[in-house]
Amino acid sequence: TQLLEQSPQFLSIQEGENLTVYCNSSSVFSSLQWYRQEPGEGPVLLVTVVTGGEVKKLKRLTFQFGDARKDSSLHITAAQPGDTGLYLCAGSPWGGGSYIPTFGRGTSLIVHP
Amino acid sequence: EAGVAQSPRYKIIEKRQSVAFWCNPISGHATLYWYQQILGQGPKLLIQFQNNGVVDDSQLPKDRFSAERLKGVDSTLKIQPAKLEDSAVYLCASSLIPTNEKLFFGSGTQLSVL
């Protein structure tokens, strides 16, 4: 059983379309992170969301942390081919003592020109 | 600032052989992680070090995998003997302190076990 469930698993869209990917858990998190991973490279951190209900924007990317701190979403507006990659959410459950980051399985996004 | 360095970049071995991966984290980063990423999946934590001590190794298959970080800087992950299902990318990451959520990853070592 995955601690962090991501959906959809795959997404193939045309340039200019909007999309949303989700990261859900039954556990409460002190924070959640979103990473993007390109082929042949390690993941690169995009954002950390900390406060329940928080919304963060990074250019065309909008990240939201659920009020209960169990879920998060990533919305991309007007997707571009450069957005292609594997989007991963990660976090460490609340109250665990040490910060031990766990990753979801990821959403593989392909944006066609 | 230099990033996380990993070597080799690729490795092909036959099953039952042994293999070792090396990682040099960002200078000054106390926490070092080894992750296994099977094709199509997210990274799975194998072991987490704080300086040269182990924070978590609950998902490390200890009958065949071992890792060390003797001087609290660079680290080695070893597999002996390798199985077909060990084919994956092995990622090393580091963070400044254990409670810092920002992990910096290396490019990984892609292992193929034939």
Side-chain angles (χ1 to χ4, degrees), chain A residues 1-11 21 23-25 29-51 54 56 63 65 69 72 85-110, chain B residues 2-10 21 23-26 29-51 53-60 88-112:
Chain A
T1 303
Q2 284 281 120
L3 184 62
L4 289 166
E5 297 284 350
Q6 291 192 243
S7 62
Q9 191 174 354
F10 301 101
L11 203 49
V21 299
C23 175
N24 296 293
S25 179
F29 288 81
S30 56
S31 67
L32 279 178
Q33 291 74 50
W34 284 93
Y35 289 80
R36 183 171 73 200
Q37 184 177 22
E38 298 186 12
E41 298 298 328
V44 175
L45 181 69
L46 296 174
V47 78
T48 294
V49 286
V50 180
T51 306
E54 179 178 9
K56 278 191 174 179
F63 304 85
F65 199 13
R69 306 163 75 124
S72 181
L86 180 67
Y87 289 82
L88 296 157
C89 66
S92 182
W94 181 271
S98 301
Y99 181 76
I100 301 174
T102 300
F103 283 78
R105 295 173 70 102
T107 293
S108 181
L109 170 66
I110 297 175
Chain B
V4 176
Q6 287 190 247
S7 66
R9 194 79 170 86
Y10 305 92
F21 314 123
C23 172
N24 192 17
I26 292 173
H29 280 200
T31 310
L32 184 147
Y33 312 80
W34 282 104
Y35 284 87
Q36 179 193 58
Q37 187 174 24
I38 293 173
L39 188 63
Q41 298 183 19
K44 170 188 159 187
L45 182 66
L46 294 176
I47 189 166
Q48 178 177 344
F49 290 97
Q50 163 67 9
N51 295 314
V54 175
V55 174
D56 185 89
D57 63 357
S58 57
Q59 298 191 88
L60 186 74
V89 175
Y90 290 84
L91 293 163
C92 178
S94 68
S95 64
L96 190 58
I97 55 176
T99 54
N100 190 328
E101 305 99 342
K102 185 171 185 177
L103 270 60
F104 293 84
F105 282 86
S107 297
T109 295
Q110 185 171 329
L111 173 67
S112 297

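Quick note on labels: first sequence line is chain A, next is B, and so on, each numbered from 1.
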In Å and rounded to the nearest 0.5 Å, what is the OG1 to CG distance from T102(A) to L45(B)?
7.0 Å
Proximity breakdown for Q6(B) and chain A, heavy-atom pairs closer than 4.5 Å:
neither
If you measure from CD on Q41(B) to CD on Q9(A), what distance do you get to the nearest 0.5 Å?
9.0 Å
Can you tell me which portion of Q33(A) sits under 4.5 Å from chain B's heavy atoms? Options are side chain, backbone, both or neither.
side chain
Given that the side chain runs from C-beta out, which part of L86(A) has a heavy atom under 4.5 Å from chain B: side chain, backbone, both or neither?
side chain
Could you tell me whether the side chain of Q37(A) reaches within less than 4.5 Å of the side chain of L91(B), counting heavy atoms only?
yes
For chain B, which candidate among C89(A), P101(A), G106(A) shows the most heavy-atom pairs at distances under 4.5 Å?
P101(A)
Look up atom OG1 in T31(B) and atom OH in Y99(A), then write down how far apart they are to the nearest 0.5 Å.
11.0 Å
Examine whether an atom of S108(A) lies under 4.5 Å from a heavy atom of chain B, and if so say whether it belongs to the side chain, the backbone or both; otherwise answer neither.
neither
Using non-hydrogen atoms and a 4.5 Å limit, figure out which bit of F10(A) sits close to chain B: side chain, backbone, both or neither.
neither
Is there side-chain contact between K102(B) and T48(A), with heavy atoms separated by less than 4.5 Å?
no
Quick check on the interface: out of A90(A), P43(A), G104(A), who has the most heavy-atom pairs with chain B under 4.5 Å?
P43(A)
Rounded to the nearest 0.5 Å, what separates atom CD1 in I100(A) from atom CD in Q59(B)?
9.5 Å
Can a donor-acceptor pair be found, under 3.5 Å and without considering hydrogens, that links the side chain of Y35(A) to the backbone of L103(B)?
yes
Might you point out which heavy atoms bring G42(B) and L88(A) nearest each other, and give the distance in Å?
CA-CD2, 3.9 Å
